[in-house]
Structures are given as C-alpha cells and as structure tokens.
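Throughout, protein chains are lettered first and strands after them, A, B, ... in sequence-line order, and every chain is numbered starting at 1.
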Amino acid sequence: MPRRARLPRSFYARETLLVAREMLGKHLVHRRGHELLAGRIVETEAYVGPDDRACHGHRGLTERTRVMFGEPGHAYVFIVYGRQHCFNAVTESAGYPSAVLVRALEPDEGVHARTDGPGRLCAALDITKQACNGLDLTGDALWLEDRGEPAPRIAATPRIGVDYAGEWAARPWRFVDADSHWLSKKLPREK
DNA sequence: TGCCGGATCCTG
DNA sequence: AGGATCCGGCAA
C-alpha cells in the first residue's frame with residue numbers, strides 16, 4: 001500500500017483565502033491506532049491575521065493561540081462553549097496568526113456520526129484539543145490528502161457565528177462546495 | 001481570584 | 001428560542 005499523498009507544508013504557506021478555497025475537496029484524515037477516520041472537506045472558513053476581528057489572533061499571542069502564531073501546516077484545535085472542539089489548519093508564515101477552520105465534511109472511511117458542523121466533525125473523527133492541538137499536518141497522525149478529484153464548484157458567504165466582529169463579519173470568507181448536501185448551514189437558494 | 005464571553009449544539 | 005458548559009483572558 002503506497003504512502004498516502006499528504007499535502008505538503010508549501011500548500012499551507014500561502015494566502016489564507018486561497019488555502020481555504022483549495023482545501024475544499026481534499027480529505028481530512030485522522031489515524032487512530034490501526035484505523036483511519038476520514039472525510040471530504042466541503043466547508044471552510046478563513047481567519048486572516050491580526051486585523052481580522054473575528055480571528056483569535058486579533059487579541060495577540062496568548063497560550064490558547066500559540067499554535068496559530070506558529071509555522072503553517074500544523075493543527076490549531078481549540079474548545080468553544082465548554083464542549084465543542086474546532087479543527088483549523090494553520091496558514092501563511094510564523095508570527096502571522098491565520099488559519100482555516102473546517103466546518104463540514106462528507107464522511108468517508110470509518111466515520112458514521114454526523115460531520116456537518118465544526119464541533120460534530122471533530123467528535124466524529126475523534127479530534128480533540130488535548131490530543132491534536134499543535135500536530136504537524138505533514139506527519140503520520142493527522143493530515144490532508146489530495147485524491148486527485150476535480151475541484152468542486154465553490155460558493156462564498158459570510159462566516160458563521162462571528163457577528164461580534166463588526167464589519168469583518170460581513171466578509172465572504174466562508175467557502176463551501178456548492179453542490180454538497182453535507183453543509184452545516186444551507187446556502188441561500190439560487191435564482 | 002473572579003467574572004464574562006464564546007469560530008456550537010441540542011432540546012423543546 | 002434558550003440553556004448547557006467550562007476554559008481562557010483580562011481586570012482587580
């Protein structure tokens with residue numbers, strides 16, 4: 001069995017909006033012992049630098065956001081509302097806080113629970129802050145892979161759950177596979 | 001040390 | 001529509 005083609009660090013070390021779009025259609029894979037838990041990414045959000053009021057890095061470097069300020073191609077996993085874990089891939093360059101949140105997957109290998117929503121997909125893939133925050137995405141535990149599938153049709157909307165961010169909340173930095181049935185929120189109906 | 005808000009989810 | 005739930009960040 002050939003080693004799976006993980007996305008290289010150079011994939012992540014680029015403009016966050018571009019990475020967020022290109023992550024659609026890639027597969028997120030978590031190795032848990034002998035089994036793999038995986039899903040096809042159908043929804044992402046970009047969090048872009050210290051000026052973005054919705055980005056955790058906006059408030060500066062803290063213990064919670066340390067990974068986000070580090071090298072690209074690492075997992076930034078945090079806990080919200082006491083119970084939900086959220087998975088991000090760190091982007092751009094060290095010192096610049098930016099990441100792509102994965103908000104929904106289409107389940108494939110080993111996954112039976114719901115994967116629509118950032119907290120649900122982490123539960124379904126057994127991604128936790130304790131075990132996964134800071135993991136190198138070019139390593140053997142947690143990674144993204146390109147299976148050579150055609151790029152999906154992409155739609156952009158404002159990000160979810162960041163109304164506190166003022167004008168930044170309106171920016172269309174949520175990206176979805178426009179043809180997916182596995183999104184965390186429905187798209188506005190097409191004309 | 002204490003308080004407050006949150007990149008969500010579930011129930012009713 | 002509203003409550004659960006608890007950690008991190010900041011003020012004191």
Encode nucleotides 6-12 of chain C as B, S and - characters from 5' to 3', where the letter depends on protein heavy atoms closer than 4.0 Å: B to the base, S only to sugar-phosphate, - to neither.
-> B-SS---

A:Asp163: what forms a salt bridge (Lys or Arg N to Asp or Glu O under 4.0 Å) with it, not counting sequence neighbours?
-> none

Within the stacking criterion (centroid distance below 5.5 Å, interplanar angle below 30°), does A:Tyr164 stack on B:dG6?
-> no

For A:Ser98 against A:Thr16, the heavy-atom pair lying closest together = CB-OG1, 3.3 Å

Ring pair (Phe, Tyr, Trp, His ring centres under 6.0 Å) between A:Phe78 and A:His56, intermediate numbers included | CA-CA 10 Å; A:Phe78 64 91; A:His56 290 165; 4.6 Å; yes

A:Asp116/A:Lys185 ion pair, N-O < 4.0 Å = no

Using atom [atom1] of [X] as one end and atom [atom2] of [N] as the other, report the distance to the nearest whole Å.
X: A:Arg114; N: B:dC10; atom1: CZ; atom2: P; answer: 6 Å
X: A:Arg120; N: B:dT8; atom1: CZ; atom2: P; answer: 11 Å
X: A:Asp163; N: B:dA7; atom1: CG; atom2: C1'; answer: 11 Å
X: A:Ile127; N: B:dT8; atom1: CD1; atom2: C1'; answer: 16 Å
X: A:Arg159; N: B:dT8; atom1: CZ; atom2: P; answer: 12 Å
X: A:Leu121; N: B:dC9; atom1: CG; atom2: C1'; answer: 13 Å
X: A:Phe87; N: B:dT8; atom1: CZ; atom2: C1'; answer: 18 Å
X: A:His58; N: B:dA7; atom1: NE2; atom2: C1'; answer: 14 Å

Does any donor atom in the side chain of A:Thr138 or A:Arg9 lie under 3.5 Å from an acceptor atom in the other side chain?
-> yes

How about A:Asp126 and A:His30: does a side-chain donor come under 3.5 Å of a side-chain acceptor?
-> no

A:Tyr47 ring centre to A:Arg159 NZ or CZ under 6.0 Å, with the angle to the axis within 45°?
-> yes

Looking at A:Tyr12, is A:Arg14 sitting on its ring face, NZ or CZ under 6.0 Å from the six-membered ring centre and within 45 degrees of the normal?
-> no

Polar side-chain atom of A:Thr65 near backbone of A:Thr62 as donor-acceptor pair, under 3.5 Å = yes

Contiguous Watson-Crick or G-U pair runs (3 or more, under 3.5 Å) in DNA chain B | B:1-6 with C:6-11, B:8-11 with C:1-4

